[in-house]
Chemist: 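Could you have a look at this structure, given as structure tokens, before my questions?
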Amino acid sequence: MSKNRRIEHLGSAKRIVLKVGSSLLAASPAGQPAAIADEIAMLQDQGIETVIVSSGAIALGLHGLGLKSRPTDLPSLQAAAAIGQSRLLQNWEHAFSAHQGRIAQVLLTHDDVSSRVRFLNARHALRALLSAGVVPIVNENDTVAIDEIRYGDNDQLAALVCNLISADALIIYTDVDGLHDADPRHGGVRIPLITDIDEQASPVAKTTSASGVGSGGMASKVAAAKNAASFGVPTVVVPGARRGILLSALTGQDVGTLFVPKAQAISSRKHWIGFGAKPAGQLVVDDGAFRALQKGGGSLLPAGLVEVLSDFGRGALVSLMTTEKTEFARGLVSYGAEDLRKLCGCRSDEIGARLGYTYSGEVVHRDDLVLL
Ligand code: GLU
């Protein structure tokens, strides 16, 4: 496959999600995070932000429960995860300390991403961490949710995090060198590029991880790639233990398997914002804000807000209207209607003084806005 194709999809990534699975971390609990931290520090120097989605809590917690192998009952798995999670974070902390890097623990569930208010809460918190130069280490909150323990090893969670932070690429580390056209132990060869996941990837995704410490497999990685593609995000599945693999993937080397989203795919979330649901209210904006938003790529700031029609809560879907009351965009609001009325025309740095708190400097962030 041409290097150009890879560069096109991965070369300009400014924000990535890196998913690291249990089997890699169990094989090398200290060495693997150290090697990853080295590469992420290099990316940070180039202005690339990374969120790590790390499993491995169960694998690291088995010993604390007096177990040698992975139990089958869910409460024991959850108990192991609760024990192992602090060890997991200690390992990451130690790895990043070599670069004076800072990390943060973020525990999420799938429900956190499907509720609009919690989605925004998580998004704002992750954004604040990234802009402070901190590397968030995300895992599923296994005490209250069991989706990933049952069948994902965090692969789906990683795809959802791509949506949460509007990532440019998802990199999934695994213990084989990509997706194969048949079992690699029986002569299957690596497929470098997948352009149609349903047709080309799903039928050959049965190759599973052999380590037995995590719950994922190639099928779950392909499902995650499909989910990421629905948000318009390319995924590359690479052999995580190989030195320098992250930089190789991002600089377009022919490693692993690249899954590309269908051309011009509008993310399913943006589709939902723009066309799928009924707005709960309307925001009238001034001409300056209208013109700035029409150019594309901007957020709606309180300075451009003129009037708030109807009542709605934080995270609601609203229509953006010109002063002539023509709808031109839709988006999710960072504040409820009552608060927004107090913010009409104010500067972003005055939000705290007017409300007593600040969720974000935008009324509608550009990632949550669709022009009609
Ligand atoms: N959240 C779990 C962990 O970190 C998922 C991994 C698994 O299913 O084994 O251990």
Side-chain angles (χ1 to χ4, degrees), residues 14-15 47 49 51 106 112-113 115-134 136 161-168 231-232 266-267 269-274 277 279-323 326-372:
K14 283 279 164 231
R15 188 179 288 168
E49 299 171 332
V51 172
V106 176
D112 296 330
V113 188
S115 139
R116 257 177 292 149
V117 170
R118 287 159 80 168
F119 178 96
L120 286 181
N121 290 344
R123 170 179 271 214
H124 289 155
L126 284 164
R127 254 196 217 131
L129 288 167
L130 290 172
S131 54
V134 177
V161 171
C162 285
N163 185 19
L164 203 52
I165 63 158
S166 304
D168 302 312
F231 304 127
I266 176 166
S267 79
R269 197 170 142 272
K270 287 227 163 175
H271 193 273
W272 176 86
I273 291 175
Q282 295 87 30
L283 304 181
V284 181
V285 310
D286 66 17
D287 293 345
F290 168 64
R291 279 197 302 274
L293 291 173
Q294 279 293 93
K295 278 195 207 137
S299 300
L300 173 63
L301 304 178
L305 189 59
V306 174
E307 197 183 352
V308 179
L309 305 170
S310 2
D311 281 315
F312 48 82
R314 183 166 172 251
L317 176 71
V318 298
S319 296
L320 272 56
M321 327 271 279
T322 63
T323 44
T326 309
E327 183 186 34
F328 69 95
R330 288 184 183 181
L332 304 182
V333 281
S334 300
Y335 297 89
E338 213 180 304
D339 287 349
L340 285 176
R341 289 196 180 95
K342 298 180 192 148
L343 298 181
C344 286
C346 86
R347 289 198 320 264
S348 295
D349 60 8
E350 293 170 341
I351 294 176
R354 294 214 184 180
L355 300 181
Y357 62 88
T358 308
Y359 284 134
S360 80
E362 302 88 12
V363 170
V364 178
H365 191 275
R366 60 177 176 274
D367 294 342
D368 302 323
L369 189 142
V370 174
L371 292 170
L372 300 179

Chemist: Below 3.5 Å, can you tabulate the donor-acceptor pairs from side chains in residues 117-129 to any protein atom, sequence neighbours excluded?
Modeler:
residue: Arg118; atom: NE; partner: Asp112; partner atom: OD1; Å: 3.0
residue: Arg118; atom: NH2; partner: Asp112; partner atom: OD1; Å: 2.5
residue: Asn121; atom: OD1; partner: Arg314; partner atom: NH1; Å: 2.4
residue: Asn121; atom: OD1; partner: Arg314; partner atom: NH2; Å: 3.0
residue: Arg123; atom: NE; partner: Leu164; partner atom: O; Å: 2.9
residue: Arg123; atom: NH1; partner: Asp368; partner atom: OD1; Å: 2.4
residue: Arg123; atom: NH1; partner: Asp368; partner atom: OD2; Å: 3.2
residue: Arg123; atom: NH2; partner: Asn163; partner atom: O; Å: 3.2
residue: Arg123; atom: NH2; partner: Ser166; partner atom: OG; Å: 3.3
residue: His124; atom: ND1; partner: Leu120; partner atom: O; Å: 3.4
residue: His124; atom: ND1; partner: Arg314; partner atom: NH2; Å: 3.4
residue: Arg127; atom: NH2; partner: His365; partner atom: ND1; Å: 3.1
residue: Arg127; atom: NH2; partner: Asp367; partner atom: OD2; Å: 3.1

Chemist: Got a sec, which residues hit side-chain contact (heavy atoms from CB on, under 4.5 Å) with Thr323, two or more places apart in sequence or on another chain?
Modeler: Val284, Asp287
Chemist: Taking the side chain as every heavy atom from C-beta outward, state whether Gln282 and Ser310 have any atom pair closer than 4.5 Å.
Modeler: yes
Chemist: Restricting to non-hydrogen atoms, name the atom on Gly281 and the atom on Phe312 that form the minimum distance, rounded to 0.1 Å.
Modeler: CA-CD2, 3.8 Å
Chemist: Distance check, rounded to the nearest 0.5 Å: Ser360 atom OG versus Ile351 atom CD1?
Modeler: 6.5 Å
Chemist: Which residues pass the side-chain contact (heavy atoms from CB on, under 4.5 Å) test with Asp339, not counting sequence neighbours?
Modeler: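 Once residues adjacent in sequence are excluded, the partners of Asp339 under the side-chain contact (heavy atoms from CB on, under 4.5 Å) criterion are Tyr335, Lys342, Leu355, Tyr357.
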Chemist: Holding to side-chain contact (heavy atoms from CB on, under 4.5 Å), I want the full list of residues that pass it with Arg347, two or more places apart in sequence or in another chain.
Modeler: Asp349, Glu350
Chemist: My understanding is that only residues two or more places apart in sequence, or in another chain, count here; which of them pass side-chain contact (heavy atoms from CB on, under 4.5 Å) with Gln294?
Modeler: Phe290, Phe328, Leu371
Chemist: Could you report the tightest heavy-atom contact between Ala289 and Leu300, atom names first, then the distance?
Modeler: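 Reported closest heavy-atom pair: CB-CD1, 4.1 Å.
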Chemist: Work out which heavy atom in Ser348 is nearest to a heavy atom in Leu301; give both atom names and the distance.
Modeler: OG-CD2, 4.1 Å
Chemist: Heavy atoms, side chains only, cut-off 4.5 Å: are Ser299 and Leu369 in contact?
Modeler: no
Chemist: So how far is it from Arg341 CZ to Leu343 CG, rounded to the nearest 0.5 Å?
Modeler: 11.5 Å
Chemist: What is the minimum heavy-atom distance between Val308 and Ala337, and which atoms define it?
Modeler: CG1-CB, 3.9 Å
Chemist: Atom CZ of Arg15 and atom CD1 of Ile165: how far apart are they, to the nearest 0.5 Å?
Modeler: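 It comes to 5.5 Å.
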Chemist: So, for Leu320 and Gly331, which heavy atoms are closest and what is the spacing to 0.1 Å?
Modeler: CD1-N, 4.3 Å
Chemist: Closer than 3.5 angstrom, by distance alone: can the side chain of Arg330 be matched with the main-chain N or O of Pro279 as a donor-acceptor pair?
Modeler: no
Chemist: Looking at every non-hydrogen atom in both residues, tell me the closest pair between Arg116 and Leu317 and how far apart they are.
Modeler: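 Looking at all heavy atoms of both residues, the shortest contact is NH1-N, 3.3 Å.
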Chemist: Would Val364 and Leu283 count as a side chain to side chain contact (heavy atoms under 4.5 Å, CB included) here? Give the steps.
Modeler: CA-CA 10 Å; Val364 178; Leu283 304 181; 4.3 Å; yes
Chemist: Partners of Arg291 by salt bridge (Lys or Arg N to Asp or Glu O under 4.0 Å), sequence neighbours excluded?
Modeler: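 For Arg291, no residue satisfies salt bridge (Lys or Arg N to Asp or Glu O under 4.0 Å) once neighbours in sequence are set aside.
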